[in-house]
Amino acid sequence: MKIAFVGKGGSGKTTLSSLFIRHLAATGAPVVAIDADINQHLGAALGLDEAAAAGLPAMGEHLPLIKDYLRGTNPRIASAEMMIKTTPPGEGSRLLRVREDNPVYDTCARPVELDGGAVRLMVTGPFTDADLGVACYHSKTGAVELCLNHLADGPDEYVVVDMTAGSDSFASGMFTRFDLTFLVAEPTRKGVSVYRQYKDYARDFGVALKVVGNKVQGPDDLDFLHEHVGEDLLTTVGHSDWVRAMEKGRPPRFALLEDANRRALRALHAAVEAAYGLRDWERYTQQMIHFHLKNARSWGDERTGTDLAAQVDPGFVLGEGVVAPA
């Protein structure tokens, strides 16, 4: 199952995604966690010290390896250099699976030990001022998008992505790559503004969206969220001494997280499980193709000097049962 966390900067998006990752790990589920935010804080939220977080391998720096592995023996892709961030899989492509070992994980993922288990953590890598132009920025997150395009995940296994803040999350087709998107919103006008943007943009693509109210302190905050978010409000999270201790680098055992916040995490988990029954791999594949053709026309064909529409395999549908080459 693929889950995204989005929200405005400062909403608590990374904190909530890290808590959900810890919750999943405590159940014994296999988890791949990906930090795709401009501000790379997920490693620290999962308990890594500053040096360990800074030493994580950046996916963007290993894009040639990622492309070469995923290309496999796909005859529609002449070389790894001809792949762009939206290149869809086809016959002969290698796929990623959550539970396996492969060169992409070996190079780009590192295990993070949590008190309830362990997860694989992958990061886009830190962004510099020079990276914040559109082309450079999306070339880094493009490594994540390419991996998600080639991911054949099943039930009871999870990929959790901490997305970039605000409306930048839907600046590319990556926002359509998830079974469920959790939008973290504070009970303020600014807090729900990203929800309105995301809801309007995502509606045409059938993106499943649930809101998690954060920093909710009482009935008035709850009423505000109900008024502005309606039925999309799934659950809320309030003050947490556990989170405060975690942010100081001294997290207690995860089992000591407050009962109300544990119930909120269970609500998130239940919503993800329910989303599995709504999966439509054919629609998912067609959305991949839609954004690939859009990128090909706007810049990809010119940059690669080839017709990238030819990379689309019309008979291929990504799914859990697809057998890829070794």
Side-chain angles (χ1 to χ4, degrees), residues 1-24 33-39 41-42 45 158-171 173-240 243 257-279:
M1 302 294 291
K2 297 177 287 292
I3 305 106
F5 280 81
V6 300
K8 80 173 185 68
S11 64
K13 170 180 62 67
T14 298
T15 298
L16 263 294
S17 61
S18 72
L19 288 176
F20 188 58
I21 290 164
R22 290 176 184 270
H23 164 80
L24 293 173
I34 303 178
D35 192 344
D37 196 357
I38 291 177
N39 299 305
H41 297 317
L42 184 58
Y158 304 88
V159 176
V160 181
V161 183
D162 182 17
M163 299 278 279
T164 192
S167 58
D168 277 353
S169 294
F170 43 74
M174 193 162 69
F175 77 99
T176 66
R177 304 294 84 206
F178 301 98
D179 294 289
L180 188 57
T181 295
F182 291 123
L183 191 145
V184 181
E186 299 171 83
T188 64
R189 286 186 296 175
K190 287 185 178 180
V192 299
S193 63
V194 173
Y195 163 76
R196 296 193 188 98
Q197 288 179 302
Y198 212 104
K199 182 75 171 179
D200 290 343
Y201 197 85
R203 185 177 290 111
D204 292 340
F205 294 93
V207 171
L209 179 68
K210 291 294 182 182
V211 175
V212 182
N214 193 28
K215 307 177 186 178
V216 174
Q217 297 182 7
D220 186 64
D221 286 346
L222 187 59
D223 289 344
F224 179 88
L225 288 172
H226 277 300
E227 177 185 352
H228 291 275
V229 173
E231 294 182 354
D232 285 336
L233 181 63
L234 175 65
T235 189
T236 63
V237 176
H239 173 78
S240 172
V243 169
L257 182 71
E258 298 85 358
D259 287 343
N261 292 330
R262 293 179 68 83
R263 287 195 297 272
L265 294 176
R266 288 196 291 269
L268 267 62
H269 197 169
V272 171
E273 295 302 293
Y276 179 76
L278 303 176
R279 276 190 164 188

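Just so it is clear, the values below take in all heavy atoms, side chains as well, and ignore hydrogens, waters and symmetry mates.
Within the structure, every pair that satisfies the salt bridge (Lys or Arg N to Asp or Glu O under 4.0 Å) test and touches residues 202-211, not counting sequence neighbours, is listed here: Asp200-Arg203. Within the structure, side chain to side chain donor-acceptor pair (under 3.5 Å) contacts touching residues 259-268 (residues at least two apart or in different chains) are Glu258-Asn261.
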Donor-acceptor pairs under 3.5 angstrom involving side-chain atoms of residues 223-235: please list them, not counting sequence neighbours.
from: His228; atom 1: ND1; to: Arg196; atom 2: NH2; distance (Å): 2.9
from: Asp232; atom 1: OD2; to: Tyr195; atom 2: OH; distance (Å): 2.6
from: Asp232; atom 1: OD2; to: Lys199; atom 2: NZ; distance (Å): 2.9

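Taken from OG1 in Thr164 to CZ in Phe175, the straight-line distance is 15.0 Å, to the nearest 0.5 Å. Between the OG atom in Ser17 and the CZ atom in Arg22 there is a gap of 11.0 Å [rounded to 0.5 Å]. Here the CE-CZ distance, from Met163 to Phe178, works out to 4.5 Å after rounding to the nearest 0.5 Å. Taken from NZ in Lys2 to CG in Asp179, the straight-line distance is 5.0 Å, to the nearest 0.5 Å. Atoms OG and NZ, from Ser18 and Lys13 in turn, are 10.5 Å apart once rounded to the nearest 0.5 Å. Rounding to the nearest 0.5 Å gives a distance of 13.0 Å between CG of Asp162 and CD1 of Ile3.
Under the 30°/60° scheme for interplanar angles, the aromatic rings of Phe182 and Phe20 are found to stand perpendicular.
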Item checked: Audit row: Val6, Thr181, side-chain contact (heavy atoms from CB on, under 4.5 Å) steps and yes/no -> CA-CA 7 Å; Val6 300; Thr181 295; 3.8 Å; yes
Item checked: Leu24/Val272 under side-chain contact (heavy atoms from CB on, under 4.5 Å): CA gap, chis, key distance, verdict -> CA-CA 11 Å; Leu24 293 173; Val272 171; over 6 Å; no
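Across all non-hydrogen atoms, the minimal contact from Arg279 to Met1 is NH2-CA, 3.5 Å. Scanning all heavy atoms of the two residues, the minimum distance from Asn214 to Ser11 falls at ND2-O, 2.8 Å. The minimum heavy-atom distance between Leu180 and Ala275, with the atom names listed, is CB-CB, 4.4 Å. The two residues Val237 and Ala264 make their nearest non-hydrogen contact at CG2-CB, 4.0 Å.
Looking at Ile21, Ile34, Asp37 one by one, the single match for side-chain contact (heavy atoms from CB on, under 4.5 Å) with Leu42 turns out to be Ile21.
Judged as a ring-ring contact (aromatic ring centres under 6.0 Å, His included), and not counting sequence neighbours, the contacts of Tyr158 are His269. Legend: residues meeting side-chain hydrogen bond (donor to acceptor under 3.5 Å, both in side chains) with His239, ordered by chain and number and at least two apart, are Asp241. In this structure Tyr276 satisfies the ring-ring contact (aromatic ring centres under 6.0 Å, His included) test with no other residue, sequence neighbours excluded.
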